[in-house]
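Notes for the one structure printed next.
Position 1 is the first residue of the sequence, and the numbers go up from there. Atom set for the values below is all heavy atoms of this structure, side chains included, hydrogens, waters and symmetry mates excluded.
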Amino acid sequence: MTAQYELGKLLLSDDPEIRDPALGIQWLEYATHNGNDYAAYRLGKEFLRGRIVEKDSAKAVDYFTQSAEAGNQFAQYALGKLYLEEHDQEQARYWFTQSADQGNEYAQFFLDRWDNLKPPPVMLSITRLLHHMSRVFQEQAPAPSVPGGIQIDRKRLQQLRKKKIAMGHKADDYEEQSQFQTMTMG
């Protein structure tokens, strides 16, 4: 079930060598049929967007509901937003509460402002903006350092080598060390 979901996600990825949207949707459907709530959530998103499959809001709600009933906080939040757009505040509040109880801060945002809700499009725009801003910050975050070592600029590396030589190390001490590490890791 998890492997079916992962294979479906992989086939829906942007990697041109393995991308096969039709087969990806098929694997997600297998996983959903076998009870994978993440696959059901992903299918709900795909049917709501309408990029890979034809847009079908009713199918999206069905998949989100299946996932939400299995406890998926993201599907619960998505259902809350959909019901809010349809002006079904009772269902919207129910699904936001379910999602917020699992720690979803976006759902909690809606619940905290429930009594002062502006028209749904305004609130939805705010959460979309917050979500977009979080993505921007993620993209702008510095890349993680190279595994197995620290990156430093050329000038600092030259200063470090001079200092090592002054302390009695060989000039090519680094190369011996890296060759030794390669031999032991390989």
Within the 3.5 Å criterion, strictly below it, is a donor on Gln26 or Tyr30 matched to an acceptor on the partner's side chain?
yes

Leu48 and its side-chain contact (heavy atoms from CB on, under 4.5 Å) partner, picked from Leu43, Val61, Leu82:
Leu82

Considering non-hydrogen atoms only, spot the tightest contact between Ala40 and Thr32 and give its length.
N-OG1, 3.2 Å

Spell out, yes or no, whether Leu12 and Val53 are grouped together once hydrophobic residues are joined by side-chain heavy atoms under 4.5 Å, including indirect joins.
yes

State, to 0.1 Å, how close Ser134 and Tyr106 come at their nearest heavy-atom pair, and which atoms those are.
OG-OH, 3.7 Å

How long is the span from the NZ atom in Lys155 to the CD atom in Gln159, to the nearest 0.5 Å?
9.0 Å

Could you check if a side-chain atom of Ser99 sits within less than 4.5 angstrom of a side-chain atom of Phe110, using non-hydrogen atoms only?
no

Under 4.5 Å between side-chain heavy atoms, counting indirect links through other Ile/Leu/Val/Met/Phe/Trp/Tyr residues: same cluster for Leu23 and Leu10 or not?
no

Would you sort out whether Tyr94 and Tyr83 count as a side-chain contact (heavy atoms from CB on, under 4.5 Å), showing the intermediate values?
CA-CA 10 Å; Tyr94 172 78; Tyr83 283 118; over 6 Å; no

Full working for side-chain contact (heavy atoms from CB on, under 4.5 Å) between Gln66 and Asp37
CA-CA 7 Å; Gln66 181 179 346; Asp37 61 303; over 6 Å; no

Sub-4.5 Å side-chain heavy-atom contact between Glu29 and Tyr63:
yes

Between Glu85 and Lys81, does the salt bridge (charged side-chain N to carboxylate O under 4.0 Å, His left out) criterion hold? Intermediate values first, please.
CA-CA 6 Å; Glu85 286 176 354; Lys81 284 182 15 182; over 6 Å; no

Between the side chains of Gln102 and Gln76, does any donor sit under 3.5 Å from an acceptor?
yes

Min side-chain heavy-atom separation Phe47-Asp62 under 4.5 Å:
no

Looking at the rings of Tyr41 and Phe64, which for Trp means the six-membered one, are their centres under 6.0 Å apart?
yes

How close do Gly44 and Ala60 get, counting heavy atoms only, and between which atoms?
O-CB, 3.4 Å

Are Arg42 and Glu46 close enough, and set up right, to give a side-chain contact (heavy atoms from CB on, under 4.5 Å), and what steps lead you there?
CA-CA 6 Å; Arg42 179 69 187 263; Glu46 296 302 336; 2.8 Å; yes

Straight-line distance of Gln4 CD to Asn34 CG, nearest 0.5 Å
4.5 Å

Minimal non-hydrogen separation, Ala100 against Ala107, with atom names
N-CB, 3.8 Å

Determine whether Tyr77 and Trp95 satisfy the following criterion, side-chain contact (heavy atoms from CB on, under 4.5 Å), listing intermediate values before the conclusion.
CA-CA 6 Å; Tyr77 173 71; Trp95 288 115; over 6 Å; no

hydrophobic_cluster_shared for Leu11 and Ile25, side chain cutoff 4.5 Å:
no

Treating Ile, Leu, Val, Met, Phe, Trp and Tyr as nodes and any side-chain heavy-atom pair under 4.5 angstrom as an edge, say whether Ile18 and Leu7 lie in one connected cluster.
no

